[in-house]
There are 2 protein chains.
Amino acid sequence: MLKQAEPLDLVFQALADPTRRAIVERLGRGPATVSELAMPFTMSLAAVVQHLQVLEASGIVTSEKTGRVRTCRIESAALKPAERWLADRRATWEHRFDRLGELLATQPTDPPKGTTP
Amino acid sequence: MLKQAEPLDLVFQALADPTRRAIVERLGRGPATVSELAMPFTMSLAAVVQHLQVLEASGIVTSEKTGRVRTCRIESAALKPAERWLADRRATWEHRFDRLGELLATQPTDPPKGTTP
DNA sequence: CGCTTGCTTAAGCATGTGCTTTAGTATTCA
DNA sequence: TGAATACTAAAGCACATGCTTAAGCAAGCG
């Protein structure tokens, strides 16, 4: 396919997997090493590392290696664009109802008027 | 794989594609038919229909057929769990800093001993 | 009626994803 | 030093995804 993915693609894609969301939830409570993150899961450590690579590629997680230990932490700023995209959708949608309300208020089937906020 | 996907999996997965996000953005401005939704894209109509199926499976979009025309609309309630998950992550993360701040306030400069608690 | 419209279904294909196992490479410690 | 620890890299496999084309079918229209 060869097309470069947008940031939002990577973030939503990263969060679409329950293992990765569990990792993010764990990291929300503080940094952790790779093997600490892998412990709760039955899958191999290599598989968890691959999930971490997806999370790092999306920017949700950063890590640094000290000695032989890699410590991972959440980069909560990376979640903001996704959160905002969702909020914007809802805002647009609700705004639509506001306009619909106005339209209905200006074209009355019934006399009362002060009902719309 | 045979494991049933959770709602959040389906929603995030659905939003991980730019075509599908564009469709959701379009539907945010009001309902539309399948061919109206397909028009902006260079891909085949069948491909757009498949994207719509993903969106419907996630609950983000509903549709009903009248005559030979299928009209799609956004189901903004389906976005809420995703929005809340993201907000919760940020909340947990920020709360962590609050607690850290408290800790640092009550334990002024102490000689460090262990590296990790 | 036959023709166009608006999907719908199915098959097929290239690429991506989520694992596995195996085989490394640095560190750290007894 | 030599063994355990903590990853890291790579290959391989089953299944999912994002398209395509082709064929079909039920409205609606002239």
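A quick note: this is a predicted structure, and the numbers were derived from the prediction, not measured.
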* Asked: Which of residues 49-65 of chain B sit near DNA chain D, with a heavy atom under 4.0 Å from it?
  -> B:Q50, B:H51

* **Pairing residues for A:E25 by the side chain to side chain donor-acceptor pair (under 3.5 Å) criterion, not counting sequence neighbours** => B:W85

* To do: Can you measure from CG (A:D17) to CD (B:Q13) and round to the nearest 0.5 angstrom?
  => 9.0 Å

* Structure fact -> Contacts of A:S63 meeting side-chain contact (heavy atoms from CB on, under 4.5 Å) (sequence neighbours excluded), chain-then-number -> A:E56, A:R70, A:C72

* Euclidean distance, atom CG of residue B:L45 to atom C1' of C:dT9 [Å, nearest integer] -> 13 Å

* Structure fact -> Taken to the nearest whole Å, CG/B:D9 to P/C:dT17 is 15 Å

* Structure fact -> Rounded to the nearest 0.5 angstrom, the CG-CZ distance for B:L79 and A:R90 is 8.5 Å

* How would you list, by chain and number, every residue that makes a side-chain contact (heavy atoms from CB on, under 4.5 Å) with A:E75, sequence neighbours excluded? -> A:T62

* Calculate, to the nearest 0.5 Å, the distance between atoms CG and CZ belonging to B:L86 and A:R84 respectively. => 13.5 Å

* Look at B:S35 and C:dT5 and indicate whether a side-chain polar atom (N or O) is within less than 4.0 Å of OP1 or OP2. => no

* Asked: Atom CZ in A:R29, atom CD1 in A:I74: separation rounded to 0.5 Å?
  -> 11.0 Å

* **Of A:T42 and B:T33, the one whose closest DNA chain C nucleotide lies more 5'** => B:T33

* In whole Å, what is the span from the CG atom of A:L15 to the P atom of C:dG18? -> 12 Å

* To do: For B:L27 and B:V61, run side chain to side chain contact (heavy atoms under 4.5 Å, CB included): C-alpha distance rounded to whole Å, both residues' side-chain angles, the deciding distance at 0.1 Å, then the answer.
  => CA-CA 9 Å; B:L27 288 177; B:V61 165; 3.6 Å; yes

Enumerate donor-acceptor pairs with a distance under 3.5 Å from any side-chain N or O in residues 41-53 of chain A to protein atoms, sequence neighbours excluded.
unit_1, atom_1, unit_2, atom_2, d
A:S44, OG, A:A47, N, 3.2
A:H51, ND1, A:R20, NH1, 3.2

* Taking only side-chain nitrogens and oxygens of B:S44, does any of them come within less than 4.0 Å of OP1 or OP2 of D:dT21? -> no

* To do: Check the distance between D:dG18's C1' and B:I23's CD1 and give it to me in whole angstrom.
  => 13 Å

Every protein N/O lying under 3.5 Å from an N/O of nucleotides 23-27 of chain D:
unit_1, atom_1, unit_2, atom_2, d
D:dA27, N3, B:R68, NH1, 3.0

* Asked: Toward the 5' end of DNA chain D, which comes first, A:Q13 or A:V69, by nearest nucleotide?
  -> A:V69

